Number of protein chains: 2
Amino acid sequence: MTSIIKIVKQIFMFYVLQRTKSNFAVATIIESALEMCQSYSMNLKELAKYLNLSPTTVSRALNGYPEVGAETKRRVDAEAQRLGYQPNPHARRLATGRSHAIGHVFPTDRSLMIDPLFSDFVAGAAEIYAVHGFEVMLHAGGSEDEISVYRRYAQGGAVDGVVVLGPRVNDPRIAVLNKLKLPFIVHGRLDEHEDSYAWLDIDNRGAFQKATKLLTDLGHRRIGIINGLEDMTFALHRKQGYESALRDKGIGIDPMITSSGLMTEENGYRQSKRILQITNRPTALLLSSMLLVSGAMRAINEMGLHIGKDISVIAHDDGLPFLNAEGLVPSLTTTRSSIRAAGSRVAELLLNIITDADAEQPHELWSVDLIVRGSTGSVGV
Amino acid sequence: MTSIIKIVKQIFMFYVLQRTKSNFAVATIIESALEMCQSYSMNLKELAKYLNLSPTTVSRALNGYPEVGAETKRRVDAEAQRLGYQPNPHARRLATGRSHAIGHVFPTDRSLMIDPLFSDFVAGAAEIYAVHGFEVMLHAGGSEDEISVYRRYAQGGAVDGVVVLGPRVNDPRIAVLNKLKLPFIVHGRLDEHEDSYAWLDIDNRGAFQKATKLLTDLGHRRIGIINGLEDMTFALHRKQGYESALRDKGIGIDPMITSSGLMTEENGYRQSKRILQITNRPTALLLSSMLLVSGAMRAINEMGLHIGKDISVIAHDDGLPFLNAEGLVPSLTTTRSSIRAAGSRVAELLLNIITDADAEQPHELWSVDLIVRGSTGSVGV
DNA sequence: GGTTTTTTCCAAAGCGCTTTGAGAGGCAAT
DNA sequence: ATTGCCTCTCAAAGCGCTTTGGAAAAAACC
């Protein structure tokens with residue numbers, strides 16, 4: 001059976017390869033054959049035979065090694081192009097031991113909460129991977145936990161590196177990955193051992209400090225905060241920024257007007273409603289996500305308050321394309337940092353780590369812009 | 001160099017393998033070595049040598065072929081487990097020609113709009129893949145367009161199948177995939193050649209027909225609609241459902257109160273504002289996405305209207321975890337169908353197609369529940 | 001007991017690529 | 001003429017697995 005296929009393959013290739021020399025009738029047949037069988041893939045050996053070269057030389061020519069003559073290389077490249085030759089990725093992976101793939105693991109352990117930030121982040125990353133000929137391998141929870149997945153990846157060389165998302169306080173993943181010698185980079189950062197791994201983070205502390213300071217400068221003294229889950233380091237850092245700015249002004253911290261939880265529309269609504277209903281209600285609100293904003297605006301509208309007048313609002317904006325802070329009415333004052341751009345940069349850094357094995361571990365801390373728009377006003381105007 | 005590594009490997013393996021027989025001191029060393037080198041992966045040959053079996057037999061035992069004795073299989077399984085043996089995925093792929101991976105392509109061509117629905121869908125799918133030992137390969141736009149990616153996938157056997165998302169009217173992808181003989185399934189469906197490919201779709205037409213009928217039954221005669229981009233088949237179908245329900249009641253279609261565009265918060269706001277500002281404004285609004293709802297509610301609130309009284313609202317709810325229709329106030333009447341569940345089912349169907357090469361092309365049309373909640377009321381009450 | 005069938009295992013040949021180590025040919029220097 | 005040094009090319013040996021086509025041992029039949 002397989003031998004029949006082989007023979008057909010041979011015949012077919014013969015015609016295809018002779019295409020330039022054949023007469024019209026044959027050429028027509030060939031064209032339609034080519035059309036029909038565009039899925040056919042020739043391999044290196046066949047290409048080499050056609051070029052009257054050894055597979056070695058062809059392989060080297062295509063991969064740009066210097067040992068092959070300029071003219072030969074040109075010829076090989078041209079024919080490979082014309083015939084649509086694509087090296088078999090699996091064979092290449094096996095031979096080189098490199099997978100040209102990056103692993104991303106979905107954070108499904110958080111009560112089935114699929115974070116819409118994730119898709120934006122990974123989209124940014126994936127575009128970079130695509131440019132460099134890398135694939136992205138996704139994994140979503142299930143029976144295996146994240147760490148076993150890493151272990152499996154490391155063993156089989158299924159991926160050349162992984163991206164760790166949403167680090168938590170004392171996150172166990174970092175230690176494991178270091179042990180596994182699997183290249184990785186963290187989006188976000190832990191407070192401990194900052195130097196022992198690569199990371200890219202935005203300055204969450206600074207961002208919320210700036211935001212809080214803006215509010216205190218505008219005269220606000222009661223400022224509520226609706227934050228992400230507190231064991232996530234990003235949320236912790238934001239809280240620290242918030243608290244330090246308050247301390248700077250000698251303002252005490254009131255747990256009644258703080259909240260941390262899932263960043264959903266509904267939670268935004270509930271928490272802001274709760275916070276705005278207490279007797280001495282805050283005059284300003286800090287929100288950790290645009291998702292929370294939709295809910296908060298709902299609550300605020302419902303209570304008959306006016307954003308920017310009765311209550312000032314600042315939110316962190318990850319640049320999600322379906323939730324535009326500027327388009328809101330009034331337009332929203334935000335601390336803004338594109339999560340998609342972060343994804344791209346993380347990808348670049350990881351690819352660097354992978355190719356320059358002994359390069360330094362990169363650490364990038366992005367400062368976050370505070371963009372003042374219409375949702376913040378001085379108190380009591 | 002590599003030979004040194006080899007020797008070390010040999011020695012190491014020797015100790016590890018003898019672990020059960022060794023005395024305490026050695027055992028301790030071994031334990032720590034094991035600990036340190038958890039990333040070490042033995043290969044089939046080594047495992048076979050240790051078991052005094054041939055690689056053939058071990059391979060067969062692990063893959064559950066019948067040619068191997070029950071006792072032998074048990075032994076092999078046990079030792080493989082104990083030693084943490086994992087077959088090298090690339091070698092396996094090369095040998096079998098199957099990649100055990102499914103391709104998903106990100107829809108980035110839509111003006112950089114990363115659809116948050118996508119992550120929910122793929123999360124559902126990925127969980128199924130994980131159970132069956134399949135990986136998901138993601139690809140996001142960039143230099144290559146979607147079709148070239150498919151072509152590349154097909155040639156190298158990089159994936160065993162692909163999932164096509166967001167089909168458009170006259171979508172060219174289907175024809176290409178059929179030609180490439182790359183197994184695939186469409187989430188959604190085209191109107192043409194419905195039988196020539198596998199698909200799973202929700203009954204968008206029926207859903208919006210039901211929703212519109214509910215509104216007309218409640219006495220509404222001017223019903224606006226804010227839909228997705230009209231070249232997407234799902235949006236087209238919804239529009240058809242809407243129009244057919246109106247026709248049934250002899251109600252004309254007014255293009256002034258219909259709209260189609262990106263499903264973003266901002267667009268929801270703008271379009272609903274526009275529609276609600278025309279002189280003879282609708283008493284009900286149909287929305288194609290919960291994302292549009294946030295914007296629409298904003299507009300409605302701003303105009304001082306009350307949902308469920310002045311204006312009835314029905315939206316399609318894909319079950320996004322961060323945007324809960326029931327949690328809104330008033331809770332929202334929706335046509336509901338979990339996109340995540342669809343992802344899971346699509347994955348199952350595709351895996352079926354892949355394993356049973358000559359199974360029938362599955363076609364599943366999911367009916368959509370209309371869940372009546374507080375946002376719909378009879379007109380003029 | 002001899003013959004056939006079944007069970008259980010193995011040697012060896014791939015899968016399609018990369019890479020090592022070496023050879024052939026050309027040219028300049030000795 | 002010999003040597004040395006490039007430049008360009010190749011044969012062959014992997015990478016780690018699966019799978020084909022037996023073969024040996026055990027079991028079943030006549």
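Throughout, a chain's letter reflects where its sequence line sits, starting with A, and its residues are numbered from 1. What you see is a predicted model; the values in this text were computed from it and never measured.
- Side-chain nitrogen and oxygen atoms of A:Thr72 include at least one within less than 4.0 Å of the OP1 or OP2 phosphate oxygen of D:dT9.
- Crowding of B:Glu360 atom CD: a count of heavy atoms from other residues, nucleotides or ligands under 6.0 Å not exceeding 12.
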Using nucleotides 24-26 of chain C, report all nitrogen or oxygen pairs with the protein that are shorter than 3.5 Å.
none

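- The residue among B:Asn63 and A:Asn52 whose nearest nucleotide of DNA chain D is located toward the 5' end is A:Asn52.
- Note that the OG atom of A:Ser99 and the CD1 atom of A:Ile354 stand 7.5 Å from one another [nearest 0.5 Å].
- A:Val76 pairs in a side chain to side chain contact (heavy atoms under 4.5 Å, CB included) with only one of the listed residues (A:Thr57, A:Leu62, A:Val68), which is A:Leu62.
- Each ring pair (Phe, Tyr, Trp, His ring centres under 6.0 Å) pair with one or both residues in residues 64-98 of chain B, not counting sequence neighbours, would appear here, but there are none.
- Phosphate contact (OP1/OP2 of C:dC17, side-chain N/O of A:Tyr85, threshold under 4.0 Å): present.
- Between B:Arg93 atom CZ and C:dC17 atom C1' there is a gap of 15 Å when expressed in whole angstrom units.
- Remark: A:Lys49 does not engage A:Glu46 in a salt bridge, criterion side-chain N to carboxylate O under 4.0 Å.
- A straight line from CG of A:Leu44 to P of C:dT19 spans 12 Å, rounded to a whole angstrom.
- For the helix from C:dG1-D:dC30 to C:dT30-D:dA1, the end axes, each set by the C1' atoms of five terminal pairs, are bent relative to each other by 60° (nearest 10°).
- A side-chain donor-acceptor contact under 3.5 Å links A:Thr96 to the backbone of A:Arg92.
- To the nearest angstrom, P of C:dG16 lies 8 Å from NZ of A:Lys45.
- In terms of modelled atom types and a separation under 3.5 Å, the side chain of B:Asn88 and the main chain of B:Ala91 share a donor-acceptor contact.
- The nearest whole Å value for the distance from the CD atom in A:Glu71 to the C1' atom in D:dT7 is 15 Å.
- Going from atom CG of B:Leu47 over to atom C1' of D:dT18 covers 15 Å, rounded to whole Å.
- Residues from residues 53-62 of chain B with heavy atoms under 4.0 angstrom of DNA chain D, sorted by number: B:Thr56, B:Ser59, B:Arg60.
- Between A:Glu79 and the options A:Arg75, A:Arg82, A:Gln81, a side-chain hydrogen bond (donor to acceptor under 3.5 Å, both in side chains) holds for only A:Arg82.
- Rounded to a whole Å, the NE2 atom of B:His100 is 20 Å from the P atom of D:dG16.
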Which protein N or O atoms sit under 3.5 Å from an N or O of nucleotides 5-7 of chain C?
none

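- In this structure, CG of B:Leu94 is placed 17 Å from P of D:dG14, rounded to the nearest angstrom.
- Side-chain atoms of B:Val68 lie closest to C:dC9 of the nucleotides D:dT19, C:dC9, C:dC17.
- Counting to the nearest Å, the C1' atom of C:dC10 and the OH atom of B:Tyr65 are 16 Å from each other.
- With contacts defined as side-chain heavy-atom distances shorter than 4.5 Å, the pair A:Phe106/A:Glu146 does not qualify.
- Relative ring orientation between A:His139 and A:Tyr153 is described as perpendicular, the plane-to-plane angle rising above 60° on a 0-90° scale split at 30° and 60°.
- For the residue pair B:Ala126 and A:Ala140, the shortest heavy atom distance occurs at CB-CB, 3.3 Å.
- Using cut-offs of 30° and 60° for the angle between ring planes, the B:Phe118 and B:His104 rings count as perpendicular.
- Taken to the nearest 0.5 Å, the CG atom of B:Asp77 stands 10.5 Å off from the OG1 atom of B:Thr72.
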Side-chain donor/acceptor pairs under 3.5 Å, residues 130-137 of chain A, sequence neighbours excluded:
residue, atom, partner, partner atom, Å
A:Glu135, OE2, B:Arg152, NH1, 3.0

